[in-house]
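One structure is given here, and the rest of the page talks about it.
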Amino acid sequence: MSKANSILSILAATYPDAHCELNFSTPFELLIATMLSAQATDKKVNQVTEKLFRNYKTPESFLTLSLKKMEEAIKELGLYRNKAKNILATCQILIEKYNGEVPDSMEALTQLPGVGRKTANVVLSNAYNIPAFAVDTHVLRVSNRLGLASGTNPDLIEKQLMNSIPRSQWIQAHHWLIWHGRRICAARNPKCSECPLSPLCPSTLLPA
DNA sequence: AACTCGGGGCA
DNA sequence: TGCCCAGAGTT
């Protein structure tokens, strides 16, 4: 059993019900929620989208909002000018090019303004169940600490993880690493004393 | 590779 | 008060 497999099996046992913590009921809602989640906490994103999606559920309805109204609706998430502008522009493209639907390919998704590789992977895996590995700050940090990957380039980390993890586990592994990063392997003051991976971890703060 | 956007939560 | 939060685009 490889080290990666050992780590993955422990993560699987530790977080048996790991899942996407952004609330959504359609691919469109997940796309918007993920665009909003940049450098914001999922808790705040859910608070904002709960109100937003109550009255606006489609690209068409979003376009009834002025840029200023959109900015006000999402202001507390930060980076709100870029997010508001990109979301409205994306809604326009969804209507013009995709019949108001959210496309299910990396090429089409990353062509949308404000949608990068990470957001596209989240939509592909969580809305369309297409195997993908979304590398965010948690996945980057945790996989580096555990020795599952190395480097600061998210695209290269994504390739390393896809090479060492079975395709059938990509979506779950992504969630395991994020849940672990949030609950134990935090950016600041990681709780190594509570970590089930500590014996296997090259970066553990515990004495050998 | 570094810089900018950015309000909010938390130690 | 400083650092981080389920990033993306530009220089």
Side-chain angles (χ1 to χ4, degrees), chain A residues 11 15 17-24 27 29-53 67-91 93 102 106-128 130-145 148-158 161 170-194 205:
Chain A
L11 287 172
Y15 310 107
D17 51 0
H19 60 274
C20 178
E21 297 185 89
L22 294 172
N23 293 336
F24 68 96
E29 289 187 0
L30 178 60
L31 174 63
I32 299 301
T34 309
M35 293 177 75
L36 290 175
S37 72
Q39 301 301 104
T41 61
D42 65 319
K43 197 169 182 178
K44 290 300 294 182
V45 173
N46 286 337
Q47 287 176 14
V48 167
T49 56
E50 182 186 0
K51 289 188 288 185
L52 200 55
F53 295 159
L67 181 57
K68 178 174 291 186
K69 287 289 187 183
M70 180 64 72
E71 288 180 351
E72 289 173 1
I74 67 174
K75 191 161 193 169
E76 59 188 320
L77 297 177
L79 309 180
Y80 60 93
R81 292 190 187 89
N82 287 335
K83 289 176 183 176
K85 176 160 52 71
N86 287 332
I87 285 173
L88 290 179
T90 286
C91 287
I93 295 175
V102 176
M106 172 63 69
E107 298 72 33
L109 284 168
T110 52
Q111 195 176 338
L112 301 169
V115 179
R117 199 170 176 80
K118 187 268 176 178
T119 296
N121 276 325
V122 167
V123 170
L124 291 174
S125 59
N126 292 298
Y128 295 120
I130 296 173
F133 224 113
V135 178
D136 63 7
T137 56
H138 293 301
V139 174
L140 190 66
R141 179 184 67 253
V142 175
S143 58
N144 266 290
R145 284 181 179 168
L148 290 175
S150 63
T152 57
N153 185 330
D155 293 348
L156 296 183
I157 298 296
E158 179 185 333
L161 293 174
W170 287 353
I171 299 177
Q172 279 306 309
H174 160 72
H175 289 130
W176 292 334
L177 291 173
I178 287 186
W179 278 44
H180 190 60
R182 297 185 56 177
R183 288 158 179 75
I184 293 182
C185 198
R188 283 178 297 173
N189 307 121
K191 301 174 182 176
C192 297
S193 62
E194 303 175 20
L205 300 180

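Owing to the predicted nature of the structure, the values given are computational and were not obtained by experimental measurement.
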Interatomic distance, Q47(A) CD vs dG8(B) P [rounded to whole Å]: 11 Å
Under the side-chain hydrogen bond (donor to acceptor under 3.5 Å, both in side chains) test, residues paired with E29(A) that sit two or more places apart: S25(A)
Passing option when I32(A) is tested against L22(A), V45(A), I87(A) for side chain to side chain contact (heavy atoms under 4.5 Å, CB included): I87(A)
Contacts of type side-chain hydrogen bond (donor to acceptor under 3.5 Å, both in side chains), residue Q47(A), not counting sequence neighbours: K44(A)
C1' spacing across the pair dG9(C) / dG8(B), given as an integer number of angstrom: 23 Å
Sugar-phosphate, base or nothing in reach of V139(A), heavy atoms under 4.0 Å: nothing
Nucleotide range of DNA chain C lying under 4.0 Å from chain A heavy atoms: dG2(C) to dG9(C)
Spacing of the C1' atoms in dA8(C) and dG9(B) (rounded, Å): 23 Å
P spacing across the pair dC5(B) / dT1(C), given as an integer number of angstrom: 23 Å
Nearest-Å distance once atom C1' is located in both dC5(C) and dA1(B): 22 Å
Sugar-phosphate only, base, or nothing, as touched by T119(A) at under 4.0 Å among non-hydrogen atoms: sugar-phosphate
Closest-nucleotide ordering on DNA chain C, the 5'-leading residue of H19(A) and P113(A): H19(A)
Non-hydrogen side-chain atoms of V123(A) and V115(A) separated by less than 4.5 Å: no
Exam field: side chain W179(A) to backbone H19(A), donor-acceptor pair closer than 3.5 Å: yes
Close approaches to DNA chain B from residues 73-91 of chain A, in residue order (heavy atom, under 4.0 Å): K75(A), E76(A), L77(A), G78(A), L79(A), Y80(A), R81(A), N82(A)
Sugar-phosphate, base or nothing in reach of T137(A), heavy atoms under 4.0 Å: sugar-phosphate
DNA chain B: 5'-proximal contact among K43(A) and A38(A) (nearest heavy atom): A38(A)
Taking every non-hydrogen atom, the tightest pair across L140(A) and N144(A): O-ND2, 2.8 Å
Shortest non-hydrogen contact between I157(A) and G151(A), atoms and distance: CD1-O, 3.5 Å
Inter-nucleotide P distance (dG6(B), dT10(C)), Å rounded: 14 Å
Between N126(A) and H175(A): side-chain donor-acceptor atoms closer than 3.5 Å: yes
Positions of residues 174-193 of chain A (non-hydrogen atom under 4.0 Å from DNA chain B), listed by number: R188(A)
Euclidean distance, L36(A) CG relative to L31(A) CG, rounded to 0.5 Å: 9.5 Å
Residues in side-chain hydrogen bond (donor to acceptor under 3.5 Å, both in side chains) contact with H180(A), at least two apart in sequence or another chain: Y15(A)
Backbone N/O of H138(A) and side chain of R182(A): donor-acceptor pair under 3.5 Å: no
